[in-house]
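Written below as structure tokens is the structure these notes are about.
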Amino acid sequence: MLNRNARLTAAAVIAATGIALTGCSGSTGASTGGPVKITFWGWASGYEKSVALWNESHPDIQVKYEAIANGGAGGYDKMLTAAKAGTAPCLAQIGYETFSSFLAAGMLQDISQYVKPRQAEFADWVWGNVGIDGTAYGVPVDTAPMGMFYRSDLFTAAGIAAPKTWEEFKAAAAAVKAADPKARIMNLPTDPYLYAGFAWQGGAPWFGVNGDAWTVSLDSATNSKVAGYWQGLFDQDLVTSYPAFDAALYSAWNSGKVWAEVGPVWSASLIRDNAAGSAGKWAVAAMPRWGTTDSVGNSGGSATAVMKGCANPKEATEFAMWMSTNDKSVSNLIESAAILPASKSGLANAALDTPESYYGGQAIYQLFRTESAKVNPNWRWGPVMSTTASALGDGLGKVPTKSATFQDALNGAQTGTVSALQAQGFSVSK
Amino acid sequence: MTIQRQSRLRELRRAAPFVLPFLLLFVVVYLVPTGYSVVQSFFAVKRSGLGLGGAEAVFAGLGNYVRVFQDGDFIASLGRVSFIGIIQVPVMLGIALILALLIDSSVSTGRKFFRVAYFVPYGLPGVIAALVWSFLYAPTLSPITGFFASIGVDVSFVTDGALPFSIANILTWAWTGYNTILIFAALQAIPEETMEAAALDGCSGWKAALLIKVPLIRPALLLTLVFSIIGTFQLYNEPATMKSVAPNLPSTYTPIMAALRSLSANDFNYAAAQSVVLGALICVLSVLVFRASARSVD
């Protein structure tokens, strides 16, 4: 007969083993006891509320949301470092432009099997941003098709029609300058990601996949065409050249020194919040087209990615899918983060039909809903985007001071990208 | 012998509680990360094809270091900080020395006020100073540019050629006071008898300041010189902040910015090699400065 102490010890050992075993099985995703716990890193406003909504209705899968710094402002660095240290969360907000970089860093988990059944709930091109060749490593949340925001009061007063093609845009640019010598039609897009939207629309991709190697085509002939267009406007003094996202640009929007901005859907809140004085005078039209090609650019949008090492990828995917498609969650995201949903059900959300008083009562998101179906599907981001973007940004930043041209910037980004790829061991196909 | 050893041991044991916390911190927050960086710098990632299978770390020998010295952007960044340093450090220390001598001289009224006034810029966080100066430099917002434009003169502080000087100006503004205080403290330590003796020998005023005071405070001057050189090579806040008003400022403007860019590109090993090279360079420079001055004292 065991004495009391020995029995207690045995019980404790069994209990401890039991805990350890559940702990283990929990990490392989086969746990039966207690709710599954999932950590989620993101920064967009409103995510927290969507997570709270989920947690209320899903007691078995509890998501813990942790707000981190914006991706470009250090959030991605934090994720990369955490992944390297083995402390990465299960889910992470990652912009499409950086998605391939994470993929190539080997930090994401293939969740194709979990998303396949519900793939039809999103437009095809959106999936191209969260995986390669039919695989998926995350669930898209929003997209950012581009449109033309313009001061309808000034255009009407000057008798200039909103341009429908880039040819007409150039003519309109000259007309604006003629109507008011101190005003210009638009500011030069020298931010690398904003500029990417124009290349995207123009069918001038920067990256591709050729078998088992990457192709880099920043210096392709089609890219030169798009770059040449903007260089032309700049050389003829038809655009302003303020730094991107600069207070000087905002004040020019407000005072009528800059009449239009061709930008992604989120420019709507950017203009509204920074040029409050010109409220009610703006309107939105479709992005000007290249000739008769009915295609639109995209600049932004992000996904909920499942990071490698996540113990419960199935449940994580389930939550991510819910966040992007559930009516309540999407309404919340539209309201608090002003996103344009990526899912078809999200695009049908009634919140997108609200008239915007800043834009003279126009229901501007209806336009972007239509345009999102016309986004050029042939675009792929590269695996070293932060290098590509800073190399391109360095070049584009020199255009206003005339120490470089758009073409120089593209050439510099091409060389910088190829050498970064090779230095990091990627195959590059010529 | 044994008695001596024992007493030494006892001394060590007594000193341990005071020394150990420092040693521990020194090892944990300084030696370990430095060592880790050095180890990392000898590795490189190996990928295949599209790289989707993830990366594997392989020993790369001096590969990353070869890359550092072939990296035009990194070499250029070193050139830039050297250029800024060569211009800015002498100007700043010169001004600091003159100010310190002035406060130290017989101008006793307002001595305290000037001491505090000069020190104020150092109290401001570097980023705030850089932000404020950015506004003063921003072509469309700057009141200075605006004033010159109103009298028909076209001035820009953010052209490629003007950038090093604009940055040097912020550095000088922020750090002159700090150096002034260091030099002033050394001046205060000069015994009054020395200056009295000099005065009796007919040496006073500026002559006394240059011939007696300055040589006596050589260690303090040297210290400020080394601090300033290190500071210049670690330049980051000012150019990084100014980038928003000067997009022509490249993202690899200074060595730290270049290393940070490699880090963001997930090129950890290369960023480590860049950091090690920068650290070694600063070390060598500091030693050289100390050596050179020690020799001239002898």
message = Is Asp160(B) close to chain A through its backbone or its side chain, or both, or neither, when contacts mean heavy atoms under 4.5 Å?
response = side chain

ask   = Non-hydrogen atoms of chain A under 4.5 Å away: do they reach the side chain of Leu50(B), the backbone, both or neither?
value = both

query = Taking atom CG of Asp394(A) and atom NZ of Lys243(B), what is their separation to the nearest 0.5 Å?
reply = 5.0 Å

key: Which portion of Tyr76(A) sits near chain B, non-hydrogen atoms under 4.5 angstrom   = neither

task = Quick one: pull up CG in Asn266(B) and OG in Ser386(A) and give me the separation to the nearest 0.5 Å.
result = 8.5 Å

ask   = Out of curiosity, Tyr242(A) OH to Leu141(B) CG, how far, rounded to the nearest 0.5 Å?
value = 9.5 Å

Interface residue of largest heavy-atom contact number with chain A, from Ala44(B), Gly49(B), Pro250(B), under 4.5 Å = Gly49(B)

task = Looking only at non-hydrogen atoms, find the nearest pair between Ser244(B) and Asp246(A) and report the distance.
result = O-OD1, 4.1 Å

remark   = Cut-off 4.5 Å, heavy atoms of chain A, and the answer for Ser264(B) is both

note = Most heavy-atom pairs under 4.5 Å with chain A, out of Pro139(B), Ala138(B), Pro247(B), belong to Pro247(B)

key: Proximity breakdown for Tyr270(B) and chain A, heavy-atom pairs closer than 4.5 Å   = neither

request  = Working to the nearest 0.5 Å, report the span between CG of Leu249(B) and NZ of Lys398(A).
outcome  = 9.0 Å

query = Looking at Ala389(A), Gly74(A), Ala104(A), which has the largest count of heavy-atom pairs under 4.5 Å with chain B?
reply = Ala104(A)

ask   = Could you give the distance from CZ (Phe268(B)) to CG (Leu80(A)), rounded to the nearest 0.5 Å?
value = 5.5 Å

Part of Ala391(A) within contact of chain B (heavy atom distance under 4.5 Å) = both

inquiry  = For chain B, which candidate among Ala248(A), Pro243(A), Gly106(A) shows the most heavy-atom pairs at distances under 4.5 Å?
reply    = Pro243(A)

query = Is chain B contacted by the side chain of Ala213(A), its backbone, both, or neither, given a heavy-atom distance below 4.5 Å?
reply = backbone

query = Considering only heavy atoms, which portion of Thr401(A) lies under 4.5 Å from any heavy atom of chain B: side chain, backbone, both, or neither?
reply = side chain

query = Just how far is it from atom CD of Gln70(B) to atom OG of Ser419(A), taken to the nearest 0.5 Å?
reply = 11.5 Å

ask   = By a 4.5 Å heavy-atom criterion (distance strictly below it), what part of Leu396(A) contacts chain B: side chain, backbone, both, or neither?
value = neither

query = Hey, which of Val45(B), Val158(B), Asp267(B) has the most heavy atom pairs under 4.5 Å with chain A?
reply = Asp267(B)

Heavy-atom closest pair, residues Gln424(A) and Ala265(B) = NE2-O, 3.4 Å

